[in-house]
Amino acid sequence: MAEDEQEYDFSSIEKKWQDYWEREKTFRAEDGSEKPKYYALDMFPYPSGAGLHIGHPEGYVASDILARYRKALGFNVLHPMGWDAFGLPAEQYAIKTGTHPSVTTEANVRNFRRQIKSIGFAIDWDREINTTEPGYYKWTQWIFLKLFQRGLAYVDEKPVWWCPNLRAVLANEEVVDGKSEVGGHPVERRNLRQVVLRITAYAEKLLAGLEDLDWPDSTKRQQKAWIGRSEGAEVRFEVDEIEEELVVYTTRPDTLFGATYMVVAPEHPLLEKLVSPEKAEEVKSYVEAAAKKSDLDRTDLAKDKSGVFTGSFCLNPVNGKKIPVWVADYVLISYGTGAIMAVPGHDERDFEFAEKFDVPITRVIARQDGDEEKAKLPYSGPGIMVNSDEYDGMDTDACKAKIIADLEAKGCGKGAVNYKLRDWIFSRQRYWGEPIPLVWVSLEDYGKAGRKDGPVTELMPEESVTTMRDGETLYALPLPACELPLRLPEVENYQPSGTGESPLATIPEWLEVWFDVESGRTEARSGPKPQGENWVPATRETNTMPQWAGSCWYHLRYLDPDNSDRLVDSEKEAYWQSPDFYIGGAEHAVLHLLYARFWHRFLHDEGVLANPEPYRKLFHQGLILGEDGNKMSKSVGNVVSPDVVIEAYGADSLRLFEMFLGPLEAVKPWSEKGIEGVHRFLRKVYRECFAKDKHRPAEETDKETLRLLHKSILKVTEAIDDLRFNVAISQMMILVNHLQKSAFYSIETAKSLLQLLAPFAPHLAEELWAELGENPSIADHPWPVARKELLVAEEMTIVFQVNGKLRGQSQFPKDADKADIIGAAKSDAKVQGFLEGKEIVKEIYVPGKLVNLAVKS
RNA sequence: GCUCAGGUGGCGGAAUUGGUAGACGCGCUAGAUUAAGGAUCUAGUGCCGCAAGGCGUGGGGGUUCGAGUCCCCCCUUGAGCACCA
């Protein structure tokens, strides 16, 4: 190597081009452009104190490659970034140190921004958003008020997951195996006042909407399972000797004749009436024990079934038979009607229970094929009805329909649909979140508000939202949009009260206000009551919103980040629509991704948005593991920081290697040696572009080089379209290896190579592009087009097989005919060795590919 | 337990519709260059075998002229769900 060879000084190259892009606003997304749009979205990060880890950039690099590629294809590209910055860590840090969460958040954002910028993304930084800024959360609150107006937000005191460690309530989705998803603390059931969003009203739409989404199957399946739609019937059972009915939900009305007992959940409202005096003591202690059990204990399948007979009987509506009613905690109050008809012959759980407590087990379904082994009880498959009076002989499906119709006719049942999905507990007893823009007033003052004709009245729901406080019923009134944002007040102490109230409840001057029921204005109650009959005393809602709120609609705000009149301008929404590509971790399959769909669909129904679905194409990048094959974690000490990698190898090497590791969706280990490999590749590209004595002006004249170039253009293009970036990179390596071995090649070939490389290693590509005499930015030059006509070779290689095994090969002109080729195969010396003494029974010729001679001896 | 997705060299991984398995990279071996190291380059590298050849895509069976790819059974890893009636 020449002494004076330039070194690949990635640090200064990367700095130079990052400055250039920022200065020139190379990646600004244009509103109202004539060009077609392309919107690439990353799940925006929570800016933690730990900084970026190596997993974050994986998705960002993928979306960045698509963004740069689409830009080169002539699209007007939007690739934005922002911060999901409300959340628990900053608040817990505040509790410990007294530092205001906004201070912590700002420092963390600054660090995240620096790190992300150091990787050289094609991000339009003018559109940066932050969920904790009042200008942003004004609209989060605005959407909440819309939900409130439409009766989709209500307040309820219900058993919720309370986490003593976090001193907060968690959503169903945030509890995994009886522990908090964040931190893994134990949780327990508590009855607390909660603001709840009626996501169940959207169950059907959320389910149906999945159909058209280009999402990973597993994620669609998870959402489907979470929504958990089932079809069946509600059946009313008369209770013997008392004037009550027990309503159950079942998906198997066909098995009604097999119901040999009933079960109600320990929390069932009718239970008290059902219990006979002699059973009272036993049932009471059972219910108390069940209440103490954590849900983990109750739902543990390994646990034995437990239960107590209540002393009551129900009458089976189809045959009037008396069947005993039990109470058992394997029936959940929160699903269906909280009561079931138990059919031990055809349900595993009921079977287990019936065996233990010696309840009769009746078969009502037989298999059509009479296979006794497969029809063993409990049998839950399809078949033919037996022991079911007039339904005997029907198949199960027909029987279901008939029984439902008959029950309906008799007025003791009806077809019904049920969902596992529960309403979304939306309130958090925390400081660092969006304040919920509601105030609480008396019944009288609520009535007063209802009679006005102002912005408050307009947002009032049809059915009032109420809560009990100190024996008084209070009514919720909305703050009108003109009073938003409702800012987070300053607070002395971030410590939650521990009683289920947020720190906001400890600030009387914020909490207690005079409220104008017409205009929605507020004044501190510590001051005198303002003039006018519209002013009433009110108390603010002290709960804040969960972290999911801000991320439900952030993809919209990027389209119009500074709009103070609307959450997004309609024209801008119409142009940009929803992201063409959305990438992020699979762990959000039912949280963020379900909530965001709910809000988006709601806003669509409200006429605010043109599109019903927020994310049409979704992709999950796979986890990057530590070099030891374990999940990266501080405690194991296998964490790789992007800062360190960039320092050692540069951002381009980092980008390239994250994509070269393997398929984007795969879980794959990091490798220090591996990044050296791609770094070597980039150095090789650098050397080739500086090897001026090998360059020739004008078009490529070497046929082989030209063919490989166009093959590479084709393959890289297709690989990017298919998100198979590892394959694209290996093709570029093949091309560069070839150039390196060539004595000469056209400078145009080198330029095309740089264009292919630019989305992956943009800094180096820009640098060398300029070095070869072109103007920046390479990102603005049209993507090369593969000339497919060059890909057809003049000669073809035909493989010779005997009995499917490779025995030889030869070159033929591309118009050679079948007979000649088979003849050549047969006379091939090596092939002949395998034909000797054998008879050819079949000759196969696959045009352009192979000859296979089938022989037998 | 149920559902889904995987299992290809020492390692990460390639392989249109069934048609040359192991591209590309890492690692390893030998060599060139070098005072030396690094860097770079050249050749080799699935396994067994001196070779001819045989064997090879988790295991077993099948379809086919031909199977990593299609079908059946089993083993195994990962993910999700987990008393939802």
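Heavy atoms only: backbone and side chains are in, while hydrogens, waters and symmetry mates are out. Worth saying up front: this structure is predicted, and the values here are computed from it rather than measured. Within every chain, numbering begins at 1; the chains are lettered A, B, ... in the order of the sequence lines, protein sequences first and strands thereafter.
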>> From CD of A:E672 over to P of B:G27, roughly how many Å is that when rounded to an integer?
In response: 11 Å

>> Taking B:U76 as the reference, what is the distance to B:G60 when you measure between their P atoms (whole Å, please)?
In response: 16 Å

>> Both atom distances under 3.5 Å, Watson-Crick or G-U wobble: I'd like the secondary structure of RNA chain B as a dot-bracket string, with | for pairs made across strands.
In response: (((((((..(((......[....)))((((((.......))))))(((....)))..(((((..]....))))))))))))....

> Which is true for A:R807 with a 4.0 Å heavy-atom rule: it touches a base, it touches only sugar-phosphate, or it touches nothing?
Replying inline: sugar-phosphate

> What distance, rounded to whole Å, do you find between the two C1' atoms, one in B:A21 and one in B:A36?
Replying inline: 43 Å

> If only side-chain N and O atoms of A:Y335 are considered, is one of them under 4.0 Å from the OP1 or OP2 phosphate oxygen of B:A85?
Replying inline: yes

> Looking at the side chain of A:Q809, which of B:U20, B:G54, B:C83 is the nearest nucleotide?
Replying inline: B:U20

Output a table of nitrogen or oxygen pairs between the protein and nucleotides 7-12 of chain B separated by less than 3.5 Å.
| unit_1 | atom_1 | unit_2 | atom_2 | d |
| --- | --- | --- | --- | --- |
| B:G12 | O2' | A:L661 | O | 2.5 |

>> Just N and O in the side chain of A:Q740: are any of them under 4.0 Å from OP1 or OP2 of B:C41?
In response: yes

> Side chain of A:Y649, backbone of A:D652: donor and acceptor closer than 3.5 Å?
Replying inline: no

> Of the nucleotides B:A39, B:C24, B:C83, which one has an atom closest to the side chain of A:S730?
Replying inline: B:C24

> For A:F657 and B:C24, what is the distance between atoms CZ and C1' respectively, to the nearest whole Å?
Replying inline: 13 Å

> Between atom CE in A:M796 and atom C1' in B:G19, what is the gap in whole Å?
Replying inline: 15 Å

> Salt bridge between A:E231 and A:R229, side-chain N to carboxylate O under 4.0 Å?
Replying inline: yes

>> What's A:K420 touching, base or sugar-phosphate or nothing? Going by heavy atoms closer than 4.0 Å.
In response: base

>> Please pick, from B:C65, B:A14, B:C24, the nucleotide with the shortest atom-to-atom distance to any side-chain atom of A:I734.
In response: B:C24

>> In this structure, how many angstroms lie between the P atom of B:A85 and the OH atom of A:Y261, rounded?
In response: 15 Å

> When rounded to the nearest Å, what value does the distance between P atoms of B:U77 and B:G44 take?
Replying inline: 40 Å

> From B:C24, B:C83, B:G80, pick the nucleotide closest to the side chain of A:Q222?
Replying inline: B:G80

> Side-chain N or O of A:R680 less than 4.0 angstrom from OP1 or OP2 on B:G27?
Replying inline: yes

>> Taking 4.0 Å as the cut-off, does a side-chain nitrogen or oxygen of A:N737 come that near to OP1 or OP2 on B:G25?
In response: yes

>> Tell me if the aromatic rings of A:F619 and A:W215 count as close, with their centers under 6.0 Å from one another.
In response: no

> Closer than 4.0 Å, any side-chain N/O of A:R687 to the OP1 or OP2 of B:C41?
Replying inline: yes

>> In whole Å, I'd like the distance from the CG atom of A:L714 to the P atom of B:U16.
In response: 14 Å

> A:T250 near the nucleic acid: base, sugar-phosphate alone, or nothing, with a heavy-atom cut-off under 4.0 Å?
Replying inline: sugar-phosphate

> Is it true that A:K818 and A:E843 make a salt bridge, defined as a side-chain N closer than 4.0 Å to a carboxylate O?
Replying inline: no

> Does A:R252 come within less than 4.0 Å of A:D254, counting only side-chain N to carboxylate O?
Replying inline: yes

> Is any side-chain N of the basic residue among A:E211 and A:K220 closer than 4.0 Å to the acidic one's carboxylate O?
Replying inline: no

> Relative to each other, are the rings of A:H588 and A:H592 parallel, tilted or perpendicular (30° and 60° limits)?
Replying inline: perpendicular

>> Closest approach to the side chain of A:K830, judged atom by atom: which nucleotide of B:A15, B:A85, B:G53 is it?
In response: B:G53

> Would you say the side-chain atoms of A:T337 pair up with the backbone N or O of A:V247, donor to acceptor, closer than 3.5 Å?
Replying inline: yes

>> As a test of understanding, state which of A:M659, A:E658, A:H620 forms a side chain to side chain contact (heavy atoms under 4.5 Å, CB included) with A:L664.
In response: A:M659

> Counting side-chain heavy atoms from CB outward, which of B:C65, B:A85, B:G19 is closest to A:L850?
Replying inline: B:G19

> Quantified in whole Å, what is the P atom distance between nucleotide B:U8 and nucleotide B:G68?
Replying inline: 15 Å

> Passes side-chain contact (heavy atoms from CB on, under 4.5 Å), A:H679 versus A:Y8? Steps please.
Replying inline: CA-CA 10 Å; A:H679 184 71; A:Y8 168 35; 3.9 Å; yes

> If you check every side-chain atom of A:S230, which of B:A85, B:G53, B:A23 has the closest atom?
Replying inline: B:A85

> Roughly how many Å is it from CE in A:M732 to P in B:A23, rounded to a whole number?
Replying inline: 19 Å

> What integer number of Å spans the P atoms of B:A43 and B:C26?
Replying inline: 15 Å

>> Heavy atoms only, 4.0 Å cut-off, all strands: where does A:Q731 land among base, sugar-phosphate and nothing?
In response: nothing

>> Just the rounded figure in Å: distance from P of B:C24 to CE of A:M659.
In response: 22 Å

> Cut-off 3.5 Å, side chains only: do A:S334 and A:R422 have a donor facing an acceptor?
Replying inline: yes

>> Syn or anti for B:G49? Use the chi torsion, O4'-C1'-N9-C4 for purines and O4'-C1'-N1-C2 for pyrimidines, with syn inside 90° of 0.
In response: anti

> Base, sugar-phosphate alone, or nothing: which one does A:G336 contact when heavy atoms must sit under 4.0 Å apart?
Replying inline: nothing

> Distance check: side-chain N/O of A:R221 vs OP1/OP2 of B:G80, anything under 4.0 Å?
Replying inline: no

>> Using a 6.0 Å distance limit plus a 45 degree cone around the ring axis, check whether A:K305 lies over the aromatic ring of A:Y330.
In response: yes

> A:K805 has an atom NZ; how far is it from atom C1' of B:U20, in whole Å?
Replying inline: 14 Å

> Is the side chain of A:K694 donor-acceptor paired with the backbone N or O of A:K692 at a distance under 3.5 Å, no angle test?
Replying inline: no

> So what does A:S671 touch, heavy atoms closer than 4.0 Å: a base, only the sugar-phosphate, or nothing?
Replying inline: nothing

>> Nearest heavy atom decides the nucleotide; on that basis, is A:T337 or A:A666 closer to the 5' end of RNA chain B?
In response: A:A666

>> Let's test your reading of the model: under 3.5 Å, does the base of B:U17 pair with the side chain of A:K849 as donor and acceptor?
In response: yes

> What do the steps show when you test A:Q731 against A:S712 for side-chain hydrogen bond (donor to acceptor under 3.5 Å, both in side chains), and what is the final call?
Replying inline: CA-CA 6 Å; A:Q731 185 61 40; A:S712 301; 3.1 Å; yes

> Which atom names give the shortest non-hydrogen contact between A:D350 and A:V343, and what distance separates them?
Replying inline: OD2-N, 2.9 Å

> Using a cut-off of 4.0 Å on non-hydrogen atoms, how would the nucleic acid contact of A:N418 be classed: base, sugar-phosphate, or nothing?
Replying inline: nothing

Below 3.5 Å is the cut-off: list the nitrogen or oxygen pairs between protein and nucleotides 43-50 of chain B, distance only.
none

> Which value, in whole Å, describes the distance between the P atoms of nucleotides B:C47 and B:G56?
Replying inline: 16 Å

> When the P atoms of B:A14 and B:G61 are considered, how many whole Å apart are they?
Replying inline: 29 Å

> Touch check for A:N726, heavy atoms < 4.0 angstrom, all strands: base, sugar-phosphate only, or nothing?
Replying inline: sugar-phosphate

> Taking atom P in both B:C71 and B:A5, what distance in whole Å separates the two?
Replying inline: 12 Å

>> From C-beta outward on A:R724, which listed nucleotide comes closest to its side chain: B:A14, B:A85, B:C41?
In response: B:A14

